[in-house]
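All remarks here apply to the structure that follows.
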Amino acid sequence: MSCTYSSASVLSSPDTPPGLDKKRHTRYWLRCLRTHLPSAYIPNDSNRMTLAFFTISALDLLSSLVPNTTPEERAAYIDWIYSCQIPSGGFRASPSHDLSAVKDGSAQWDPANVPATYFALATLLILGDDLNRVRRKETLKWLRCMQRDDGSFGETLVNGKIEGGMDTRFGYCATCVRYILRGKREGPDPTSEEQDTDVDALVECLRKAETYDGGMSEMPFHEAHAGFTYCAIAALHFIDRFPWPIRSQPSEGQRAFNKMPLRKEGIVSTTSSEQQGGIKTRGLTSPDLTIHWLASRLTATISSEDEEDTYADETDTPETCHDAHSFVHTANFPTSMGETSEKSRPTSHFALDWVGFNGRCNKVADTCYAFWVGAGLTLMNASRVIHPTPVRRYLLEQTAHIVGGFGKLPGDPPDVYHSYLGLAALSLLETAAQAAHESPREGRDKPVEERELKALDACMCVSIEAKSRLYAIWQRWGVHDGKDWDGGG
Amino acid sequence: MSDYSDADSNADSFEPRLTSGEPTPEPQPTRVDNAIADATIERLKVALKTVCQENAQAKEIVSRILLGTLPGSNGSLKRKRYETCAHCEEEYSVEENEKGDCVYHPGRLAVQYGCLSRVSLMSSIGRKRIDVGSDTWADHDDEVHGDPETLMDEPGFMEGFMWDCCRRNGREEEDASGSDPTWADLTPLPTDEGSSTHPLAQIAYSPDYEETMSYLRALMAANELSPRALELTEDLIDMNPAHYTVWLYRSKILFALESDLYEELEWLNETALAHQKNYQIWHHRNLIIDKLGSCEGEAEFVGRMLERDAKNYHVWSYRQWLVRRFNLWEAGELEFTEKMLKEDVRNNSAWNHRWFVVNGKVAAMGVGDPKIRAREIRVAEEAIKKVAQNQSPWNYLRGIVKRCGLPLAELKGIAEQYASLEHPHSVRSSFALDLLAEILAEEEGGKEQAGRALDLLATRYDPVRKNYWAYRKSQLGMGELKQAVNVIA
């Protein structure tokens, strides 16, 4: 464990966590908004809608969007997003992919993209657009074509084939698009009469990607990963198939739902399971184990120096050990090297000033996992398993950069991905810290001016304020009967 | 790659052979020599290709002559040694070209450094610059005659510009661009930001990227499946490997042209090493290997990738695919995981792979077979013996018990071996203590002891997670943690 005191400009005392330098972060994001991103972003040219989302949403969380942009500018941003819409539904991820200007151009190479569609719709909501120009019916139709027989979603549809990985990232983005356009209710959409996606198949697919240690992976038998775990949990929320709240003392019947075995393929169809008294397969076979896995991602191993040398030294020291932050007694030493190593060290655990999250077992912490894990725990109704202060200090004193924004590891230059997820994580920590003192509802409802950052919706990863604009839009579309609504605090 | 393995060491010895050494008597020209002298370039190219295909030794010689090493690549990256500048129409060696020789070529090389692309397109397009020494501008008044930059294509002003590659006069443009028939017929299609006055997430594109993208877009719009298109996809992928349709376009061209897939693999190897975090590369590799129907050499390549990063998620996922696709369950996979765990017993990716190898085959009993179960428990116990404070084998043990539907109490023996409540000062693994707490909580009358174990975790052995241990204790109905200060922030 190396102490990087020198890299932290101002150290706060353990009891008073540092404040967020909102001006500095606002400056960073305004630079991203107003000037060209540096050439180092060329490898992300095909993800410009994602970069746009990070920029606009970060400024929104900082309450800096409206004060620093004119209505005309925001209208122009909205126009740009719509210029990426594909007439047959969905959005492309970058103007670089736009071939629509070519007469008889080969449209197959300019397909709509599932993550881009989520990011476009979310950014439109943040900018206060009414989604009037969204090709809703076409997008719902296209979304159904993006689902494979096994329940998973792909990224693009090219030449009639669903392309892209099978992992939960696309399932997450697809369920969010579905949620924004038609809420949680299952079955054909009453206004457009478009058929629904196969919700049961997606639940099965997500359950199969649970791992032996309680996390979730990209595909069955792949390694548990915090990003995929978050995506799966959030997707289950969007389709209203999350297990019953863990702390609400579920009834015997609800317990049975949670533990229902996987549906055998082809034996129980959606309709017959509906007919059996509306029982639906719910996600996550072992919520307690999933919380255990998520809580295990907390680590004091926060710089790459910390993770070096797990080789050859078989004794347990903070340098070699990623998850213990205390000195564990060693009964006997397998080697003399180990004994020397052990005896040369201090005998009490070091201060836990900074605690981060890793994405997989025995890996170093990384800024973005403070969001993926923190939001996963929030959605599991278990954010209290994190002690917010050391995580906050890790973000603000270790990975926040002097020019604003956040890097991946301490000392790394900022990038828009880690900078956005760093802010998103801080917003959730703020909510959790408030909830520890007050009731969760009060924490969420706290007036904006008393909060550092706007409260984040852990599921959609936008401010609760932006998400709550959906309510009026749903009413206008006639897809909302008042019972589905869970947003808006 | 392996074809050219010794090309570096011999590369230097080739040219001196032409210029130094004892003068030898001029041999009499044979009939073949005369035929070569009279043949067309096209005919000679075909002949040389045939020789290379039929004779490995000949191929090696040709490689030595025509392939050079990229600067800074430690000799591992190969590219064409000779290029022709379209403007000065002179051949140059990319290895010997230095600043000052030609303004254009070194600029290319700077960009080419570290990537693998060919420069055929690039070297065929020069840039026109204002020739400040030209008489054209002597009496030029910007206010009256216009900004010189805007006059580049005006017939009357050609003399005022020069090509930056060969310093020839701008008047010679027609000849220059017409000299490379490869691209002459194609009108580039630049990226268009739509009608929006404020595009989001604009990137400072390099001139190379802009140019390559505009040609690629023109080719994709025409859905051209040609060798030049194939070559251009390489250039673009090197700069933007996350482009979500260029890979699909490339595979379509490859299969349409019935290209040599082994050559494709060689290129992919280099590209994968250059872009380790990209997942499209692996999907493309799946396609190629699947089509080839052989996984020869793949294990070695995966091994090379894991040498660079032993926990690379894409590489492990790909290895799982190989095992399934080519039925390699019994072909040394278990031994491979043993080797990887011997190198780093904390490599959770290797533990996960072992779980997959043992349990992942369709209809496999896996750890359900008592013999296999005993073996796997032994492996985990040995690993714990080596390093007790390592989460991976503890999770592995839990996984075995869970999959077999056995009670967690099966693991009480080993948990107590490393964490006994009778000796609270000599706990050797926080993971053992965690496991013990869970086992005790399920025992009749064990709650109090479980609470003690959780107190120990929170205050001494794993304080990073103190809030989680408090949460676990509250689930037992045990109230607050003992000895813990500020349990909830």
Side-chain angles (χ1 to χ4, degrees), chain A residues 36-39 41-43 45-48 51-52 55 73 76-77 79-80 83 95-96 99 101-102 105-106 109 113 155-156 158 163 165 212-213 218 221-223 295-296 298 300 310-311 314 316 321 323-326 328-331 352 355 360-362 384-389 433 436, chain B residues 191-206 209 213 217 220-221 223 239-245 248-249 279 316-317 320 343-344 346 348-349 352 355-356 360 386-389 391-392 395 399 403 426-430 460-468 471 488-489:
Chain A
H36 283 57
L37 292 164
S39 304
Y41 282 86
I42 287 174
D45 184 33
S46 295
N47 299 315
R48 275 184 55 193
L51 305 179
T55 310
E73 282 170 332
Y77 303 147
D79 286 346
W80 179 81
S83 76
S96 295
L99 300 176
V102 186
S106 195
W109 303 120
N113 178 295
E155 184 180 21
T156 54
V158 176
E163 299 285 357
Y212 63 87
D213 50 6
E218 150 188 67
F221 287 101
H222 289 199
E223 188 183 3
S296 301
L298 279 160
T310 60
Y311 301 165
E314 62 274 48
D316 304 325
C321 169
D323 290 285
H325 309 296
S326 57
V328 175
H329 178 79
T330 305
L352 297 170
V355 174
R360 289 184 268 158
C361 184
N362 285 338
R384 65 191 169 286
V385 312
I386 306 169
H387 182 201
T389 308
Chain B
T191 296
D192 175 13
E193 294 290 340
S195 53
S196 172
T197 48
H198 288 83
L200 289 168
Q202 277 190 289
I203 297 168
Y205 297 134
S206 62
Y209 181 71
M213 185 57 112
R217 286 162 48 77
M220 285 176 111
N223 196 23
M239 291 184 263
N240 175 11
H243 190 295
Y244 52 86
T245 50
L248 306 172
Y249 179 50
Y279 91 101
W316 285 101
S317 295
Q320 285 203 9
E343 284 171 16
D344 181 5
R346 288 187 169 93
N348 195 62
S349 305
N352 186 77
W355 180 266
F356 161 71
K386 193 176 168 198
V387 182
Q389 188 59 22
Q391 198 174 359
S392 295
N395 282 344
R403 187 176 165 99
S426 55
V427 166
R428 290 163 63 197
S429 167
S430 69
R460 175 149 182 203
Y461 291 107
D462 191 21
V464 160
R465 260 165 286 281
K466 66 176 179 181
N467 281 25
Y468 174 63
Y471 165 85
I488 292 168

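Just so it is clear: chains get the letters A, B, ... in the order the sequence lines come, proteins before strands, and each one is counted from 1.
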Between [X] and [Y], is any pair of side-chain heavy atoms under 4.5 Å apart?
X	Y	value
B/Gln320	B/Trp316	no
B/Thr245	B/Met220	yes
B/Glu193	A/Trp80	yes
A/Asp45	B/His243	no
B/Arg346	B/Ser392	no

Under 4.5 Å, counting heavy-atom pairs only, tell me which of [options] racks up the most with chain B.
options	result
A/Asn47, A/Asp213, A/Val385	A/Val385
A/Leu51, A/Asn113, A/Val355, A/Asp79	A/Asn113
A/Glu155, A/Glu73, A/Glu218	A/Glu218

Which of the residues [options] is involved in the greatest number of heavy-atom pairs with chain A at under 4.5 angstrom?
options	value
B/Trp355, B/Phe356, B/Tyr244	B/Tyr244
B/Pro241, B/Gly399, B/Ala201	B/Ala201
B/Asn348, B/Leu248, B/Asn395, B/Ile203	B/Ile203

Note to self: List the residues meeting side chain to side chain donor-acceptor pair (under 3.5 Å) with B/Gln202, not counting sequence neighbours, and say none if there are none.
What the structure shows: none
Give, as side chain, backbone, both or neither, the part of [X] having an atom under 4.5 angstrom from any heavy atom of chain B.
X	result
A/Arg48	both
A/Thr55	neither
A/Ile386	backbone
A/Glu223	both

Next item on the list: Identify the two heavy atoms, one from A/Ala295 and one from B/Arg465, that lie closest to each other, and give their separation to 0.1 Å.
Entry: O-NH1, 2.9 Å
